[in-house]
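Down below is the structure, laid out as structure tokens.
These figures come from a predicted structure and were not determined experimentally.
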There are 2 protein chains.
Amino acid sequence: MPAKPQASFKPRKRPVQARSEATVSALFEASIQVLLGVGYRKFTTTRVAERAGVSVGSLYQYFPNRQALITAVIERYLEGLRATIEQRCRELCGHTLDRQITGLVDAAITAKWAHIEVSRALHEPLADIGGTELVTASAIKTAGVVAEVLRSCADASFRDVDRLSLLMVISCSALLQAAVTDETGALDRESVRTHMRAMVLGYLHEMRADQSQAAAE
Amino acid sequence: MPAKPQASFKPRKRPVQARSEATVSALFEASIQVLLGVGYRKFTTTRVAERAGVSVGSLYQYFPNRQALITAVIERYLEGLRATIEQRCRELCGHTLDRQITGLVDAAITAKWAHIEVSRALHEPLADIGGTELVTASAIKTAGVVAEVLRSCADASFRDVDRLSLLMVISCSALLQAAVTDETGALDRESVRTHMRAMVLGYLHEMRADQSQAAAE
DNA sequence: ACCTGAACACCGTTCAAGT
DNA sequence: ACCTGAACACCGTTCAAGT
């Protein structure tokens, strides 16, 4: 009886020679192609290996199982998204709240839409691998940067900035994901921009610490 | 060569005899049990049939494939959730905005948390079957009721109530799903309640049509 | 009208044999 | 150090045979 593979979804080994690096790159590339071409239901290790021009055995030399492969693909995507957003975020330090929020919302929307097909294609595998943890981990990091931005705000200050930023990022990314996979047409890019901005601004106004709120009581 | 099953994820036939109704019920029940017990990865038709005490063949008499089964299970869940929430929504007609929002948020949270284990267990299969459509369809219906409630509001009125309600419902349900599958502890029930309320109220204040906004410019 | 379960195709994963 | 691909276990789905 073969030993159960179990758990560890991390790459099996680091590529140390040029040949193996090429193999891994090809597998990543092929994974995206297969996902976009035939969807996750037909995302089989054989198919990915074939598309990458290597044997299944080679695939399993670098990824202990199918999940590890898809997880790695998703991590790459999330990292790219995060880097893009965070870079634009940092440019917003010191600006007014209105400008910061407009900028943050735009950064998130632009980044997400830049690879919208991939964003869509990854939604299903994301749930399959229990990707909430990955997404949350990514959100936590982004929230850190958002918190910095809010703390530097020229015309507003907030209580509990860290928690507030996290909730904001999580809500926005959940909304973005919904928008990207939406098929009703109600969540088109510009509607999302307008409403996300209103939602975040409204939320932050409710949470401001530096002025008597204009509560609707 | 056997004919391709293809597409139609609808139940294959209506149960017309007592025996078959019992079979279908058993299959639904068994599906939930299997999902809670071993998870979606091991949600196999054989296992479900076995747990239901029938043969695989019987399962395929009522559901053309695995997806049809899981789809039916999810639809049942969504319907239940929707019914519960909408019922509580209707009781909020004519109240003040603050009371309505507090009530709506509470209704959503209470309903979602009432079967939190099932909510969690269904997240993965939901993505697998492309459940965004199902969720959106459900959201559209709920948004209709929410729009009614907002139109009846005693102390506020809004532009574009339908779109606004839809965005609200979709954002909230996305946030709820994130909260329910959260593992960091940042999205506990009470935090979600507080922040969701602030977010919705803030959003609606931004969107009010009946008063000069207290914008932070 | 409904149920059964052996049978088939296909996919994930391994491992002995290669270079 | 890396690659290959036949082989095995397991799962979705069918269908001829039952009651």
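Looking at Ile129(B) and Leu134(B), their side chains come closer than 4.5 Å, going by heavy atoms from C-beta outward. Using a 4.5 Å heavy-atom threshold, the side chains of Val73(A) and Phe28(A) count as touching.
Residue Tyr40(B) contributes atom OH, which lies 13 Å from atom C1' of dC11(D) at whole-angstrom precision. If you measure from atom CD of Gln67(B) to atom C1' of dG12(D), you get 12 Å, rounded to the nearest angstrom. Rounding to whole angstrom units, CD of residue Glu50(A) and P of dT4(D) are separated by 12 Å. The separation between Leu59(A) atom CG and dT14(C) atom P is 11 Å, rounded to whole Å. For Asn65(B) and dC10(C), the CG to P distance is 17 Å, given to the nearest whole Å. Arg41(A) places its CZ atom 10 Å from the P atom of dT13(D), with the value rounded to the nearest Å. Across the protein-nucleic acid pair, Gln61(B) atom CD and dT14(D) atom C1' stand 13 Å apart, rounded to whole Å. The CD-P distance, from Glu21(A) to dC3(D), rounds to 12 Å in whole Å.
Closest heavy-atom contact between Val118(A) and Leu36(A): N-CD2, 4.2 Å.
Each of Gly57(A) and Ser58(B) was assigned the nucleotide of DNA chain C with the nearest heavy atom; the assignment lying further toward the 5' end belongs to Ser58(B).
Ranking dG12(D), dC3(D), dG5(C) by closeness to the Thr46(B) side chain, first place goes to dG12(D). Picking from dC11(C), dT13(D), dG5(D) the nucleotide with the shortest atom distance to the side chain of Ser55(A) gives dG5(D). With dG5(C), dC11(D), dC2(D) as the candidates, the nucleotide lying closest to the side chain of Val56(B) is dG5(C). Checked against dT13(C), dA6(C), dG12(D), the side chain of Arg66(A) finds its nearest nucleotide in dT13(C). In the set dG12(D), dC2(D), dC3(C), dG12(D) carries the atom at the smallest distance from any side-chain atom of Tyr60(B).
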Set out, in order, the CA-CA distance, both residues' side-chain angles and the distance that settles salt bridge (charged side-chain N to carboxylate O under 4.0 Å, His left out) for Glu148(A) and Arg151(A), then state yes or no.
CA-CA 5 Å; Glu148(A) 276 179 44; Arg151(A) 266 190 260 270; over 6 Å; no
Would you mind writing out the side-chain donor-acceptor pairs for residues 108-115 of chain A within the sub-3.5 Å range, not counting sequence neighbours?
from      : atom 1 : to        : atom 2 : distance (Å)
Thr110(A) : OG1    : Asp106(A) : O      : 2.7
Thr110(A) : OG1    : Asp106(A) : OD1    : 3.4
Lys112(A) : NZ     : Gln177(A) : OE1    : 2.8

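Here Arg99(A) pairs with nothing under the salt bridge (Lys or Arg N to Asp or Glu O under 4.0 Å) rule; sequence neighbours left out.
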What pattern of brackets, bars and dots sums up DNA chain C from 5' to 3', given Watson-Crick or G-U wobble pairs under 3.5 Å, [ ] for crossing pairs and | for another strand?
||.|||||...|||||.||
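Taking the ring centroids of Tyr40(A) and His123(A), they lie at or beyond the 6.0 Å cut-off.
Among the protein residues, Val54(B) comes within range of the sugar-phosphate backbone only, with heavy atoms under 4.0 Å from sugar or phosphate atoms but none that close to a base.
At dC2(C), none of the side-chain N or O atoms of Thr23(B) fall inside 4.0 Å of OP1 or OP2 (strictly under the cut-off).
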